[in-house]
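Worksheet: the structure to be examined is printed underneath.
Numbered from 1 within each chain, the chains take letters A, B, ... in sequence-line order. Just the heavy atoms: all of them, side chains too, but no hydrogens, waters or symmetry mates, feed the values below.
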Protein chains: 2
Amino acid sequence: MVGSEETKTQVEPGVRRAKPRGRPRSFDRETALEKAILAFWEHGYEATSVSDLTRVMDIGAPSLYAAFGDKRSLFEEVVREYGVRYGSFGDRALAEESTARAAVERMLREAAVAYTAPGHPHGCLVIHAATNCSTPEVEESLRGRRNANIAALESRIRADIAAGELPAGTDAAALARYVGAVIQGMSQQARDGASRQDLEAVAEIALAIWPRT
Amino acid sequence: MVGSEETKTQVEPGVRRAKPRGRPRSFDRETALEKAILAFWEHGYEATSVSDLTRVMDIGAPSLYAAFGDKRSLFEEVVREYGVRYGSFGDRALAEESTARAAVERMLREAAVAYTAPGHPHGCLVIHAATNCSTPEVEESLRGRRNANIAALESRIRADIAAGELPAGTDAAALARYVGAVIQGMSQQARDGASRQDLEAVAEIALAIWPRT
DNA sequence: TTATTTCTCTAGCGGTCGATACAGAAAAAA
DNA sequence: TTTTTTCTGTATCGACCGCTAGAGAAATAA
């Protein structure tokens with residue numbers, strides 16, 4: 001009875017399976033997951049207890065464990081789903097903009113909006129939710145995501161240097177790390193009470209350093 | 001038997017009191033406090049348990065409570081002492097440099113060194129130790145320190161604007177917040193594995209935005 | 001209906017949390 | 001020495017932690 005990560009009711013087109021055998025789940029898995037996202041986002045991995053989770057998800061502990069596995073695997077799913085629902089503006093900017101400069105510009109401006117949007121906690125879950133975490137694997141997991149994001153930006157910058165879009169002498173690693181640090185600082189600022197306008201002003205200042213061709 | 005925050009053996013000049021009456025403390029309070037600083041610095045307020053503290057400080061729980069009060073007041077003393085021993089480079093830069101520009105330059109460069117120095121945890125205790133903290137007062141206390149630091153920089157910048165050292169149109173609040181965000185981002189980067197050189201490169205890039213007179 | 005499957009509810013597991021009662025040990029004071 | 005004061009070590013306290021056993025409830029299958 002461990003690790004049934006998929007809902008039994010298949011919604012995939014084609015395989016349209018019949019109703020599952022036993023008693024159906026009494027809650028909506030997606031809704032419960034969203035509540036878990038908000039809880040972990042606000043308080044972080046460790047400070048969000050299982051009883052906090054069962055309260056906000058409005059289900060009993062055995063239901064939680066049956067539907068999501070233990071606290072760790074629920075958190076992993078939360079982080080994945082957070083990425084899809086809230087944390088993809090960076091990847092989108094890198095994928096959709098034609099230059100690193102344009103991608104960074106969009107990234108910083110969208111961060112200002114995303115990190116202060118109403119209806120959910122401020123700042124970024126990936127940046128904050130595993131700080132001061134006594135489970136090293138959890139801390140490492142989010143650290144890995146943060147560093148991967150910076151690495152992705154770095155290689156995008158390298159591509160622009162190779163294409164002549166940026167000066168040959170540009171330090172891609174340092175520039176990418178600078179942008180990563182600014183975004184992480186903006187997230188901290190959002191947590192500390194900065195408004196969207198405050199962060200947009202920070203983003204504009206941060207963009208002024210971009211090297212000219 | 002609660003809240004004897006001061007050592008009985010006075011070291012203040014002048015009042016040179018005689019030895020206290022009862023059994024003397026068997027450990028050095030300063031040394032124990034330093035160990036507590038390192039523990040809270042590395043793991044944060046909540047993730048550092050009292051039994052972690054008694055282990056690294058090498059004293060029993062009753063001795064800890066007698067000498068430092070409860071966990072909260074020990075942490076408060078740790079934060080104060082951290083400021084004195086490790087976290088004063090920002091204040092010193094503001095106090096000793098003649099312009100905001102020079103102060104910020106020194107601040108960012110010294111942050112790169114301080115946040116990666118060997119012999120103690122990386123990054124800044126004030127920035128990280130109360131993240132994801134379920135005691136709101138503790139979280140608020142460090143948030144207050146962070147925002148106060150940015151406010152101090154802002155007023156230093158305002159002074160330079162008034163003195164004609166900076167353009168009249170300079171947005172002091174945004175500029176101060178930008179520097180604060182960069183420093184907080186550098187601290188996060190240090191926690192995520194950035195080296196001194198990495199952070200120095202970030203600092204140099206960050207400084208390139210400073211407005212000219 | 002009856003049998004089978006799966007979920008939910010209650011209750012509680014062993015472990016750790018922050019904090020302390022109590023008795024004995026170690027110093028100065030009388 | 002005896003008394004007084006203070007600190008230290010042991011042995012907990014009640015509360016909460018993540019997690020689960022077991023019984024009953026609610027669905028489908030036969």
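Rounded to whole Å, atom P of D:dT8 lies 11 Å from atom CG of B:Asp58. Following rounding to the nearest Å, B:Lys71 (NZ) and C:dA19 (P) show an atom-to-atom distance of 8 Å. Look at CG on A:Leu64: it is 11 Å from P on D:dG18, rounded to the nearest Å. In this entry the distance linking CZ of A:Phe75 with P of D:dC19 reads 14 Å, nearest Å. Across the protein-nucleic acid pair, A:Asp70 atom CG and D:dC17 atom P stand 16 Å apart, rounded to whole Å.
Residues passing the salt bridge (Lys or Arg N to Asp or Glu O under 4.0 Å) test with B:Asp52, sequence neighbours excluded: B:Arg55. Among residues two or more places apart in sequence or in another chain, the salt bridge (Lys or Arg N to Asp or Glu O under 4.0 Å) test is passed with A:Glu137 by none. Remark: B:Arg196 pairs with B:Glu200 by the salt bridge (Lys or Arg N to Asp or Glu O under 4.0 Å) rule, at least two apart or across chains. Legend: residues meeting salt bridge (Lys or Arg N to Asp or Glu O under 4.0 Å) with A:Arg143, ordered by chain and number and at least two apart, are A:Glu139, A:Glu140, B:Asp192. Legend: residues meeting ring-ring contact (aromatic ring centres under 6.0 Å, His included) with A:Trp41, ordered by chain and number and at least two apart, are A:Tyr82, A:Tyr86, A:His120. Evaluation of the side chain to side chain donor-acceptor pair (under 3.5 Å) rule for A:Asp70 yields A:Ser73 as partners, not counting sequence neighbours.
Among the nucleotides D:dT4, C:dT4, D:dT8, the one closest to any side-chain atom of B:Phe27 is D:dT8. Set against D:dT8, D:dG18, C:dA19, the side chain of A:Tyr65 has D:dG18 as its closest nucleotide. Distances from the side chain of A:Arg21 to the nucleotides C:dG18, D:dC7, D:dA29 place D:dA29 closest.
Heavy-atom distances under 4.0 Å link DNA chain C to no residue of residues 43-55 of chain A. Contacts of residues 30-38 of chain B with DNA chain C (heavy atom under 4.0 Å): none.
Residue pairs satisfying the salt bridge (Lys or Arg N to Asp or Glu O under 4.0 Å) criterion with at least one member in residues 98-108 of chain A, sequence neighbours excluded, are listed as follows: A:Glu96-A:Arg106, A:Glu97-A:Arg106, A:Arg101-A:Glu105, A:Glu105-A:Arg109, A:Arg106-A:Glu110. Residue pairs meeting the ring pair (Phe, Tyr, Trp, His ring centres under 6.0 Å) criterion with at least one member in residues 88-112 of chain A, sequence neighbours excluded: A:Phe89-A:Tyr115.
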Can you give each donor-acceptor pair under 3.5 Å made by side-chain atoms of residues 175-182 of chain B, sequence neighbours left out, with the distance rounded to 0.1 Å?
unit_1   : atom_1 : unit_2   : atom_2 : d
B:Arg177 : NH1    : A:Gln189 : OE1    : 2.8
B:Arg177 : NH2    : A:Asp198 : OD2    : 3.3
B:Tyr178 : OH     : A:Tyr178 : OH     : 2.8
B:Tyr178 : OH     : B:Ala206 : O      : 3.0

Enumerate the protein-to-nucleotides 9-14 of chain C contacts in which both atoms are nitrogen or oxygen and the separation is below 3.5 Å.
none

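Each of B:Pro24 and B:Arg72 was matched to the nucleotide of DNA chain C holding its nearest heavy atom; the match closer to the 5' end belongs to B:Arg72.
Ion pairing between A:Glu30 and A:Arg85 holds under the 4.0 Å rule for side-chain N and carboxylate O.
With 3.5 Å as the limit, one finds no donor-acceptor pair spanning the side chains of B:His43 and A:Ser134.
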